[in-house]
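My questions all concern the structure below.
We count ligands from 1, going down the list as the structure has it; atoms in each ligand are counted the same way.
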Amino acid sequence: EKGTYPHYMLKEIDEQPLVMRKIIQNYQDGEGALEIDSDIVKAMKKADRIYIIAAGTSYHAGLVGKQFIERMAKVPVEVHISSEFGYNMPLLSEKPLFIFISQSGETADSRQVLVQVKEMGHPALTITNVPGSTLSREADYTLLLHAGPEIAVASTKAYTAQLAVLAILAEVTAKSRGFAVEFDLVKELGIVASAMESLTDSKEAFEDIAREFLTVTRNCFFIGRGIDFYVGLEGALKLKEISYIQAEGFAGGELKHGTIALIEQGTPVIALATQDFVNLSIRGNVKEVAARGANPCIISMKGLETDEDRFVLPEVHHLLTPLISVIPLQLISYYAALHRDCDVDKPRNLAKSVTVE
Ligand code: F6R
């Protein structure tokens with residue numbers, strides 16, 4: 001039930017801090033260390049390459065998950081869109097492990113790949129929010145998101161739950177492979193949960209941004225570098241699906257290779273700046289678009305901020321920033337859709353689980 005909330009989407013955005021805490025609890029052993037089913041750890045240890053298969057928002061979570069797994073556990077990871085994988089199958093490694101990320105566990109495109117790789121005899125793990133879902137039943141292993149039912153068509157809490165579970169999987173795999181993880185993930189996810197709370201308590205700031213930048217515009221760009229780019233892709237998807245504003249996520253450096261031609265007087269450009277090593281270069285991209293008339297909205301992270309920034313996120317570990325930088329984008333999309341009189345929870349032409357190919 002959505003209780004006092006006007007929309008499920010808003011309720012689900014607000015539930016994210018709670019979901020973080022639930023995930024930490026569910027993946028802790030008696031001593032408080034992170035723990036994952038030992039068969040899954042064995043499969044992760046055995047794999048010489050991981051193939052993440054997903055669609056939409058879950059694909060965007062996979063892009064970030066690749067960074068977690070490669071940086072912590074040092075196993076190479078490829079991320080593929082499920083609908084493309086069947087006919088664009090890459091040359092597989094000798095010991096592949098397939099990870100299917102699917103909130104619903106019912107996405108037909110992903111299931112088709114699962115059937116295909118099972119026929120080839122490869123192991124598969126499904127990360128899903130729905131126990132007993134098709135993708136969970138048909139894979140060898142399952143990790144649950146513990147996000148609670150997600151009703152709004154636009155995925156919010158499932159995305160951050162996917163990121164948290166992928167980070168935990170990366171950490172546990174790293175340890176099993178003998179790699180030290182130089183930070184305490186339980187503690188850092190706790191910091192993430194508190195940071196999420198402060199963001200869901202700042203709704204007015206995001207409603208203001210939506211009103212100012214998105215009430216009348218035809219299009220909107222999201223730019224970022226490194227993991228900020230992947231969060232920008234998710235921000236653009238959220239905005240287009242519920243507000244029907246044409247939105248694109250771009251790698252900051254790629255703009256000048258074509259897309260900058262679309263910048264006109266007043267075009268909103270939402271830039272994420274959460275990563276120290278690209279802070280100057282993303283700000284350079286903001287200057288480039290501003291010089292061509294764009295209306296930039298910079299969302300940065302504490303410690304990296306400048307006077308020109310519209311919102312400064314609370315500081316979290318630099319690998320985990322997608323878990324919090326996505327929240328302003330979810331809320332900005334929500335308010336943009338609201339201001340434009342769109343049906344937030346049930347956008348046109350979309351279904352919650354896509355069970356056709
Ligand atoms: C976007 C959205 C979709 C889903 C996609 C995959 O907000 O919800 O893009 O992420 O249809 O769905 P699952 O994760 O259920 O496989």
Going by atom types alone, do Gln162 and Ser58 pair a side-chain donor with an acceptor below 3.5 Å?
yes
Drop me the distance from Arg310's CZ to Glu305's CD, to the nearest 0.5 angstrom.
16.0 Å
Atoms of ligand 1 close to Val153 [distance to a heavy atom under 4.0 angstrom, numbered from 1]:
7 (O), 8 (O)
Where does Lys238 meet ligand 1, judged by heavy-atom distances below 4.0 Å: at the side chain, the backbone, both, or neither?
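Within the 4.0 Å criterion, Lys238 contacts ligand 1 through side-chain atoms alone.
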Output yes when Glu138 and Lys118 qualify as a salt bridge under the 4.0 Å nitrogen-oxygen rule, no when they do not.
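Judged by the 4.0 Å cut-off on N to carboxylate O distance, Glu138 and Lys118 do not form a salt bridge.
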Hey, does Ala154 come in under 3.5 Å of ligand 1, counting only N/O atoms on both sides?
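Between Ala154 and ligand 1, no N or O pair is found under 3.5 Å apart.
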Below the 3.5 angstrom mark, is there an N/O of Gln162, backbone or side chain, next to an N/O of ligand 1?
no
For Ser58, take its heavy atoms, then give the atoms of ligand 1 lying under 4.0 Å from any of them.
10 (O), 13 (P), 14 (O)
Got an N/O contact under 3.5 Å between Lys352 and ligand 1?
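There is no such contact.
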Of Lys238, Glu207, His7, Lys203, which meets side-chain hydrogen bond (donor to acceptor under 3.5 Å, both in side chains) against Tyr334?
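For Tyr334, the side-chain hydrogen bond (donor to acceptor under 3.5 Å, both in side chains) test succeeds with only one of Lys238, Glu207, His7, Lys203, which is His7.
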Which is it for Glu241 and ligand 1 at heavy atoms under 4.0 Å: side chain, backbone, both or neither?
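For Glu241, only side-chain atoms sit under 4.0 Å from ligand 1.
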So that I can tick it off, tell me whether Asp343 and Lys346 are bridged by a salt bridge, with the cut-off set at under 4.0 angstrom between side-chain N and carboxylate O.
no
Charged N to carboxylate O below 4.0 Å: is that the case for Glu308 and Arg283?
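Arg283 and Glu308: salt-bridged.
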